[in-house]
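Let me begin by presenting the structure, written as structure tokens, before commenting on it.
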Amino acid sequence: METSSVRPGGARRPWWGRIAVGLAVVVVLLVLVERFSLVPGFGGLFGARTRDRSGPALLKSLQDMHRYEAAVGNFQVVVDLEKDAAFLPDAIRGTRTLYVGAGTVGGYVDMGGLGERSVTVNGDRTEATVRLPRPVLGTAALDPERSYAVSKQRGLLDRIGDLFSDNPAGEQAVQKLAAQHIGAAARDSGLAERAEKNTTAMLEGLLHSLGFRTVHVTYQ
């Protein structure tokens, strides 16, 4: 029975070699059809399905909050992070990521340490003085719905390394840098001053509604 074919030069191709080549050609054709939608209606044959196999969320701890959130700032920054090797061209070793980071920073007044001396009133309860700590800013919180990578450029060695990495082309570095830039922008934006102004307005309105005609709010 014929089990091999004659190749140019007189060498014979075994039957299993012809099957392997045929299978490889079929796989390549299927990938091309799926990738470029060469045949209408055929692209969904290998369509990906997403399944959520996550376990239930576990409550780790509860924490009572004693602060008044007085203002929130929304920020956006474009991070351009480049890492180069000392003696290798970027095409061989190096990465550059362009990332748009969007997030918020809150300004709040911590009222957890207030005591009896923090609020004083006069004898006929017409004047009140409230002493509060100065507003502070919280940490920047990135919004994953509005943050995204615009482009990623990687050298050959970095691409090969991603094949063996549990987190290929991770974005932790640009996300951390984006949060730092947003935090710095919040400190220069007057957000703390806005939080102080809003806290003062809230307390004045509250105490006026309780019958106090004069209200003093100080920060220290």
Side-chain angles (χ1 to χ4, degrees), residues 52 54-84 94-119 128-154 158 162 165-210 212 215-220:
D52 186 1
S54 306
L58 300 178
L59 176 64
K60 303 296 291 185
S61 64
L62 290 174
Q63 182 178 1
D64 294 330
M65 306 300 293
H66 300 282
R67 64 189 191 185
Y68 174 66
E69 294 281 350
V72 176
N74 293 281
F75 300 88
Q76 186 179 74
V77 62
V78 178
V79 177
D80 188 351
L81 182 61
E82 184 176 4
K83 296 182 179 180
D84 298 323
T95 62
R96 183 175 181 180
T97 304
L98 192 64
Y99 182 83
V100 176
T104 58
V105 177
Y108 65 91
V109 176
D110 188 358
M111 298 185 177
L114 300 183
E116 295 181 357
R117 296 182 178 181
S118 300
V119 180
T129 300
V130 183
R131 302 173 182 84
L132 299 174
R134 293 192 177 278
V136 295
L137 301 181
T139 57
L142 288 182
D143 184 355
E145 298 293 334
R146 299 187 294 128
S147 302
Y148 56 93
V150 177
S151 65
K152 298 179 182 179
Q153 300 175 8
R154 292 169 293 163
D158 298 279
D162 288 343
S165 173
D166 293 334
N167 185 25
E171 296 180 352
Q172 293 91 339
V174 289
Q175 290 174 350
K176 183 178 180 179
L177 195 56
Q180 292 176 354
H181 285 303
I182 289 176
R187 290 190 293 271
D188 297 333
S189 66
L191 184 60
E193 290 77 7
R194 174 66 67 86
E196 180 176 312
K197 180 180 179 180
N198 293 344
T199 303
T200 299
M202 182 274 295
L203 291 175
E204 288 178 344
L206 176 62
L207 293 175
H208 283 153
S209 67
L210 296 177
F212 292 92
V215 177
H216 303 284
V217 181
T218 62
Y219 297 87
Q220 53 192 9

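All residue numbers in this chain count up from 1 along the given sequence.
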To check you understand the geometry: which heavy-atom pair defines the closest contact between [X] and [Y], and what is its length?
X      : Y      : answer
Ser54  : Asp52  : OG-OD1, 2.7 Å
Arg146 : Thr104 : NH2-CG2, 4.4 Å
Ala195 : Pro135 : CB-CB, 4.0 Å
Ser147 : Tyr99  : CB-OH, 3.2 Å
His181 : Val77  : CB-CG2, 3.9 Å
Ala71  : Leu191 : CB-CD1, 3.8 Å

Main-chain N/O of [Y] paired to [X] side chain as donor or acceptor, under 3.5 Å:
X      : Y      : result
Thr129 : His216 : no
Ser118 : Gly115 : yes
Arg131 : Arg117 : yes
Asn198 : Ala70  : yes

Kindly compute the distance separating [atom1] ([X]) from [atom2] ([Y]), expressed to the nearest 0.5 Å.
X      : Y      : atom1 : atom2 : result
His208 : Glu204 : NE2   : CD    : 6.0 Å
Gln76  : Asp143 : CD    : CG    : 10.5 Å
Leu203 : Tyr68  : CG    : OH    : 8.0 Å

| Intermediate values then yes/no, side-chain contact (heavy atoms from CB on, under 4.5 Å), Val217 and Leu132 | CA-CA 7 Å; Val217 181; Leu132 299 174; 4.1 Å; yes

| request: Only one of Leu207, Thr218, Leu206 passes side chain to side chain contact (heavy atoms under 4.5 Å, CB included) with Val130; say which it is. | output: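 Among the candidates, only Leu207 passes.
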
| query | Side-chain contact, heavy-atom cut-off 4.5 Å: Leu177 with Gln180? | reply |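 Result yes, sub-4.5 Å side-chain heavy-atom pair found.
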
| request: Evaluate the side-chain proximity of Val72 to Val105: yes if any heavy-atom separation is below 4.5 Å, no if none is. | output: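 Val105 does not reach Val72 side chain to side chain.
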
| said: Tell me whether the count of non-hydrogen atoms from other residues, nucleotides or ligands lying under 6.0 Å of CZ in Arg194 goes above 12. | reply: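 It does not: Arg194 CZ has 12 such atoms or fewer within range.
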
| request: May I ask you to establish whether Arg134 and Tyr219 are in a cation-pi arrangement, using a distance under 6.0 Å from NZ or CZ to the six-membered ring centre and at most 45° from the ring axis? | output: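 Cation-pi check for Arg134 and Tyr219: fails.
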
| field | Leu142 vs Ile182, side-chain contact (heavy atoms from CB on, under 4.5 Å): CA-CA, chis, key distance, verdict | value | CA-CA 9 Å; Leu142 288 182; Ile182 289 176; 3.7 Å; yes

| request: Carefully, step by step, assess Val78 and Leu98 under the rule side-chain contact (heavy atoms from CB on, under 4.5 Å). | output: CA-CA 7 Å; Val78 178; Leu98 192 64; 3.8 Å; yes

| field | side-chain contact (heavy atoms from CB on, under 4.5 Å) evaluation trace for Leu114 with Val119 | value | CA-CA 8 Å; Leu114 300 183; Val119 180; 5.9 Å; no

